[in-house]
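Right, one structure below, let's go through it.
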Amino acid sequence: NSIKPIPPVLTQGNFEYFSLISDLYFNGAEIVFLSSAGPSIVAISTKLETDDMIKIFKKYDYETFEIKPDNQGLEIC
């Protein structure tokens, strides 16, 4: 395994976000980011199971919810 660079995420001198993001990333999530609209961290993975990602979020005492993509789009009836 090669080391993958991740830019540090700093919020008021708190490294907790960075720890969670790096934990998710190094455990198999392909995309992990901190939202710009609020204190939300998003993780997307095709390799890591949802339950495994939730366990990592819970380890850092974060609430979680799962969303699924909408492949139909808007329907006008």
Practice item. Determine whether Y62 and F33 fall in the same hydrophobic cluster, where Ile, Leu, Val, Met, Phe, Trp and Tyr are linked whenever their side-chain heavy atoms lie under 4.5 Å apart. Key: no

Point to revise | Rounded distance [0.5 Å steps], CG in N27 versus CD1 in I56 | key: 4.0 Å

Study note, to complete from the structure: CG (D51) and CD (E66) are apart, to the nearest 0.5 Å, by 8.0 Å

Point to revise | Check: T64 side chain, I54 main-chain N or O, donor-acceptor pair, under 3.5 Å | key: no

**Study point:** Inter-residue atom distance I41.CD1 - I21.CD1, 0.5 Å rounding
**Key:** 4.5 Å

Review point. Same cluster or not: are Y25 and I44 linked, directly or through other Ile, Leu, Val, Met, Phe, Trp or Tyr residues, by side-chain heavy atoms under 4.5 angstrom apart?
Key: no

Study note, to complete from the structure: On a heavy-atom basis, the closest approach of E30 and S45 is OE1-CA, 2.7 Å

Study note, to complete from the structure: To the nearest 0.5 Å, atom CD1 of I31 lies from atom CG of L24 at 12.5 Å

Practice item. List the atom of M53, the atom of A29, and the distance in Å for their closest heavy-atom pair. Key: SD-CB, 4.3 Å

Review point. Partners of K58 by side-chain hydrogen bond (donor to acceptor under 3.5 Å, both in side chains), sequence neighbours excluded?
Key: none

